[in-house]
Amino acid sequence: MQNRRSEQIRGSEQIRGSEQIRTEARLDLIRGSAARRRHDARTIAALTRNPGCNRRAVLDAAGVDKDGLSRHIGFAAPFGQSQFAIIRGNAFEARVRNDGGTDLLRLLADCLGFDLGPAGSPGVTVLDLGASAEQDGGVRPAAENLADRLDRTVTALRPDPHGIVLVAHPLLALPVGGQDVHLEPDLLVIRPDGQFHVVEIKSFPVVDGQADGEKVAAAAVQAAVYVLALRRMLRAREVVPTVPMMPVVPPATVSHDVVLVCPRDFSNAPLATRVDVRRQLLGLEHQLTRLATIEALLDDLPADLTFDLAAGPDGAPTRPATELTTGLDLLDARYTPDCLSTCELAFRCRHEAAGRTAALGASVREDLGGIDTVTEALDLAHGTRAPAEDQAEAAERLRITARMYAEALAGASHPPGGADG
Amino acid sequence: MSAISSYARALAAATGTAAPIATVRHVHLSERPLVLVPLTLAGEANAPLAALVGTRQADPTLLVVPQPRNRDLRFAFAADLAEIVLPHVLGFAADAEELANGPRAHDAPQLILPNPAGLAFLRLFGRSTRFRATDGDYAVPPSVPLLGRWLTFFAERAEIPGSSLARAVTDLLSLHWATGQSALEDANLAAAMGWIDPPPGRDGPTSARLAEDPAHSPPAGPTTDPGFDNDILAPAIAAYDAVTDPAALPTVLARLRDVLRGQLQPTWDLVWRALDLLRQLPPGASVAGRWETDRARYTGFHTYMAEEGLPQARLDGAVAAARRLNRIEQAQSAYDAERAFDDPLVMADHRVTGEAFQGTVLAVDRDRRVPNGRGKGRLVTRPLLTVRTEDPVRLTLGTRVVASSRRKQECLIVAIDTPGGDDGLTGAGAGTGTGADGGRSATGATLITLEAQSGMGRSAAPAPGSVPEAGETLCYSAVLADGVRSVAMPDAADTPWTHGGPPEPYEPNERDTAEAWD
Ligand code: SF4
């Protein structure tokens, strides 16, 4: 029974058959000899923040090391992590998972409002599905290892009508742009009534009930990615004509309420907070459907396109950087300032986007009437270019803005200047 | 963003140097600001790592926490910081004038941080120190909780629009200049300064790119560069941790201080350079009034600390939170209105959107008197002005407007006369922008009739000069402070240090002082 379920999940991969194999081969070629970078919830969140960017979509699907690539072409992005942050993160997670998770269970029970029964009661099952293999550098673990964990997870995704199930280190699969990507949430709680909750352990502090808004937002999107993946996996499993084995098992549903476990105030004591990620789910689902399928994107690319850095014996890239930038030029980018905090290629794409109003920010572009380039916007503003038909309104507004700007500066009693003014 | 600032960004991007978006300075600058550049340890909850602090660029004090995970060392840092901050902050209270509802200091301390993240550090550091107990298990010097309460006061004031008591330099810069990069990139102090005041021989984009390289220009904190953490700081802290022989300590400490100063000094210098730049702008007319409010709040809090001195509660209650929000909205609306009146470049934004217009007075009916509407047959003076403007006015009849040069006089729009069938600029000349005035008047001008409501004195005829004359050029704005605005002292019913009544009653409790730290 259990095996059949997991086969079903993997079976869906096989059905795609030769098409899929061809795509995989193309992606392998694009990546070249380097180890594959794996998608995770963070990269999916980033991808869905800029769904129109084909460059990122292709490179991520192929598992290209964008960091190494940008470094080699002279646009290294500052995405380093401080070892202090890593140490604190690990220490906090260890503390949370400490003593078999009894403290954690109590926190979760309080937070989610379920009854735990007396401490250490047999009503709690803790399943650890294997250690995370991707924390150090994103190297992909051996294939069977992944498949095994996926199997084990599928098996474990089942409520126990007699108690709580706590699943540590599960492995989830989610199709993104037609490719399955694997995800590792920290924890899942499965309640006897069939409700699943995603639990994320984060090491940013919650002080007096408040945390850094950006970090909470990022954590919520990541958790939403897991919720989505879980829902799809459970749905896929339902299709299997099951042998009625445990008729008492309630139907499994994945709650949109996730739990963030963070340090409280200035301590290391964990605090669980329930977060509703319905809004994030809506956004994600919408953006995921907008992602072009990788196959379609690959069709337009030369068959021999590769971003292989051709690492020499010492590990240093030997491929001429110009070849790589020529390759990048074939992939349409859609740079926005947001990329600076989400994508390793940001400096390169920003360089290409110089002179575009979008590089100044979406709202600036909008204020400039949606005109594409800075030069064109200014020419329209200064009346040195005749507006196209659909630009008439924007052009008039730009002209008014330019006139008022000039008037105000001219009228100022102390005209401001730069430093030398 | 706004039309003007986005246009200015485009200009800056095209020219490679920042474009002004203000003609006056909208913030008060102290002659002796207390500048604080803090650094924290990555990953930890607001654990101070180091700071440069002082009131003169030439001699900052460097404070270092050699092992930021050590609780005692953190509080030793707090005590050291208190020794610098408290005398400065408290020192302004002695020189005060006596007003009906209490004293008000002639000047007040001003705290300057590099960026909003620095202000957030201030708030959290205030939070982590203001409840500390001065006796018992984890006793700290009395100056530590005192510092915490003052830092909390500054951090709270920093959230009030228009207050100058604690400000972030990057915010001040983007209030006055538009760079040719995105707002997100402006959060990097060195990059923003690269656009506004590039070193000789470099343009904005080049300096901004250099500024993003942590090897060339360390981040302005409080978060440190991960490369610095991993390659330099971690070994230096490990060396400190490994010291067993006290004789080795000075060398190890000197090394730590050295590397941390190296990270802090460039930001320190940038902050002072930015302040110098801002100082070159003349202050806006309303700046002194807002600073007066700041001085009153400062003095009030000083009195409160002397008389009661309990720490601010961990959380605002519902009522206090609502009141606070309301206060922020009021301050924002007053601040927006004042900034536009002070500065034609800010007003230009409202003119683009049609909420303000500049024009020439064509005709004045100065002595017009109308029944006061209360049915006793009494007449009030209500002069009518006809103003001709070429601005794209988008105001409706009955809107209240005030002229920037006559702020005490409120007017009502009683008629708007747009030349009939005007469908915008047409014809060959339209594309080339402003022609001679005479040439344009036939096409775009709007005639607006205003009824002056106030500001004409008490007698039947308007006081001399209190009504605009024909030929005068004025700029009227509908962006006004909502409700009654008073930049002077708050009502006597209010406690001086907040506008909305006495501070939340605070009950000291075990939980706050015995808070877990490990
Ligand atoms: S940085 Fe470039 S590749 Fe990355 S998301 Fe932005 S546009 Fe796409």
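Throughout, a chain's letter reflects where its sequence line sits, starting with A, and its residues are numbered from 1. Because the structure is a prediction, the values reported are computed rather than measured.
- With sequence neighbours excluded, the residues satisfying side chain to side chain contact (heavy atoms under 4.5 Å, CB included) with S182(B) are P337(A), L184(B), E185(B).
- R273(B) CZ: more than 12 foreign heavy atoms inside a 6.0 Å radius.
- Taking the side chain as every heavy atom from C-beta outward, L49(B) and P68(B) approach each other to under 4.5 Å.
- Neither the backbone nor the side chain of R25(B) comes within less than 4.5 Å of any heavy atom of chain A.
- When side chains are defined from C-beta on, N50(A) does not count as touching C343(A), because their heavy atoms never get closer than 4.5 Å.
- For T179(B), no part lies under 4.5 angstrom from a heavy atom of chain A.
- Between chain B and the residues V374(A), V207(A), L360(A), the most heavy-atom pairs under 4.5 angstrom are made by L360(A).
- Proximity to chain B (any heavy atom under 4.5 Å) is shown, for I86(A), by neither the backbone nor the side chain.
- Between chain A and the residues G43(B), P205(B), A183(B), S2(B), the most heavy-atom pairs under 4.5 angstrom are made by G43(B).
- Contact annotation for N46(B): only side-chain heavy atoms (C-beta onward) come within less than 4.5 Å of a heavy atom of chain A.
- Side chain of S6(B) to main chain of A3(B): no donor-acceptor pair is present (N/O by atom type, distance under 3.5 Å, no hydrogens or angles).
- When heavy atoms are compared at a cutoff of 4.5 Å, Q210(A) approaches chain B solely by way of its side chain, counted from C-beta outward.
- At a 4.5 Å heavy-atom cutoff, the contact between L11(B) and chain A is made by backbone and side-chain atoms alike.
- Neither the backbone nor the side chain of D276(B) comes within less than 4.5 Å of any heavy atom in chain A.
- Of the possible polar contacts, none joining the T401(A) side chain to the I4(B) backbone as a donor-acceptor pair under 3.5 Å is found.
- Checked for salt-bridge contact, R314(B) and D265(A) meet the test: a charged N lies under 4.0 Å from a carboxylate O.
- Contacts with chain B (heavy atom to heavy atom, under 4.5 Å) involve these residues of residues 344-351 of chain A, listed by number: F347(A), R350(A).
- Ion pairing between R71(A) and D67(A) holds under the 4.0 Å rule for side-chain N and carboxylate O.
- Both the backbone and the side chain of A19(B) come within contact range of chain A, each with at least one heavy atom under 4.5 Å from a heavy atom of that chain.
- For A381(A), the part lying under 4.5 angstrom from a heavy atom of chain B is the side chain only.
- Heavy atoms closer than 4.5 Å to chain B are found in both the backbone and the side chain of A402(A).
- The parts of Q83(A) that come within reach of chain B are both its backbone and its side chain, each placing non-hydrogen atoms under 4.5 angstrom from that chain.
- Residue contact with chain B, scored on non-hydrogen atoms closer than 4.5 Å, involves the side chain of L340(A) exclusively.
- R130(B) and T152(B) are linked by a side-chain donor-acceptor pair at a separation below 3.5 angstrom, with hydrogens and angles left out of the test.
- Put simply, of R9(B), E44(B), M347(B), the one with the most heavy-atom pairs under 4.5 Å next to chain A is E44(B).
- With hydrogens and angles ignored, the 3.5 Å screen pairs no side-chain donor or acceptor of D225(B) with any backbone N or O of P218(B).
- Donor-acceptor pairing under 3.5 Å is lacking for the side chains of S174(B) and D186(B).
- By the side chain to side chain contact (heavy atoms under 4.5 Å, CB included) test, D372(A) is found to be paired with R356(A), R365(A), residues two or more places apart in sequence or in another chain being considered.
- H176(B) meets the ring pair (Phe, Tyr, Trp, His ring centres under 6.0 Å) test with H26(B); sequence neighbours excluded.
- Of the listed residues (A354(A), A76(A), S363(A), A386(A)), the one with the most heavy-atom contacts under 4.5 Å to chain B is S363(A).
- With F75(B) as the aromatic partner, R132(B) does not meet the cation-pi criteria of under 6.0 angstrom to the ring centre and within 45 degrees of the ring axis.
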